[in-house]
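To start, the structure under review is shown below, and the notes come after it.
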Amino acid sequence: MRNPEQTRIKLVATATQLLLTKGREGLRVDEVAATACVNKRMIYHYFKNKEGLYQAVLQSQVELLVDSADAVSYTHLTLPTTPYV
């Protein structure tokens, strides 16, 4: 059974890993699709183009950072009593 959201997540996760190893210029739609075992047309369906996929990767990373920041409770942080020298 197909799961569109899982396919999208898989493509973003795969593109994230490839971006980490190959950089933005090294990101290839064919490689993302092959590595994720997803038909290349699905990238264009979900993201329109390579830039759209790249933007989805950035958005997912921003969301992870926001979630991590929300998890930190600043009320439990204590400031040092002596100034830094």
Side-chain angles (χ1 to χ4, degrees):
M1 180 180 278
R2 294 181 186 173
N3 185 328
E5 186 58 24
Q6 284 301 109
T7 300
R8 188 181 188 290
I9 290 168
K10 189 176 193 181
L11 288 167
V12 171
T14 301
T16 300
Q17 290 303 310
L18 290 171
L19 277 165
L20 286 171
T21 58
K22 298 183 180 235
R24 185 175 183 173
E25 296 303 316
L27 184 66
R28 301 285 179 258
V29 172
D30 291 339
E31 187 176 12
V32 172
T35 303
C37 299
V38 173
N39 188 306
K40 181 170 87 170
R41 288 179 284 175
M42 291 294 96
I43 293 173
Y44 297 104
H45 173 73
Y46 291 116
F47 308 106
K48 306 294 183 215
N49 52 37
K50 179 179 161 180
E51 182 64 24
L53 176 59
Y54 178 72
Q55 293 297 321
V57 168
L58 290 180
Q59 181 65 35
S60 72
Q61 295 305 300
V62 168
E63 289 171 5
L64 284 172
L65 287 171
V66 168
D67 290 347
S68 295
D70 288 343
V72 174
S73 173
Y74 293 104
T75 58
H76 292 89
L77 295 177
T78 57
L79 297 174
T81 55
T82 57
Y84 292 106
V85 179

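Numbering starts at 1 and runs along the sequence shown.
Not a single donor-acceptor pair under 3.5 Å links the side chain of R41 to the backbone N or O of V38. Under a 3.5 Å cut-off, the side chain of K50 and the backbone N or O of V29 do not form any donor-acceptor pair. Judged purely by atom type and a 3.5 angstrom limit, T21 uses its side chain to pair as donor or acceptor with the backbone of L18.
Across all non-hydrogen atoms, the minimal contact from F47 to A56 is CE2-CB, 3.6 Å. Nearest heavy-atom pair, E25 versus R28, reported as atom, atom and distance to 0.1 Å: O-NH1, 2.8 Å. In terms of heavy-atom proximity, L27 sits nearest to A15 at CD1-O, 4.1 Å.
Defined by atom type and a distance below 3.5 Å, a donor-acceptor pair is present between the side-chain atoms of Q59 and E63.
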Could you tabulate the donor-acceptor pairs under 3.5 Å formed by side-chain atoms of residues 5-14, not counting sequence neighbours?
{"unit_1": "T7", "atom_1": "OG1", "unit_2": "N3", "atom_2": "O", "d": "3.2"}
{"unit_1": "K10", "atom_1": "NZ", "unit_2": "A36", "atom_2": "O", "d": "3.0"}
{"unit_1": "T14", "atom_1": "OG1", "unit_2": "K10", "atom_2": "O", "d": "2.8"}

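A 4.5 Å side-chain heavy-atom check between R24 and E51 finds at least one atom pair inside the cut-off.
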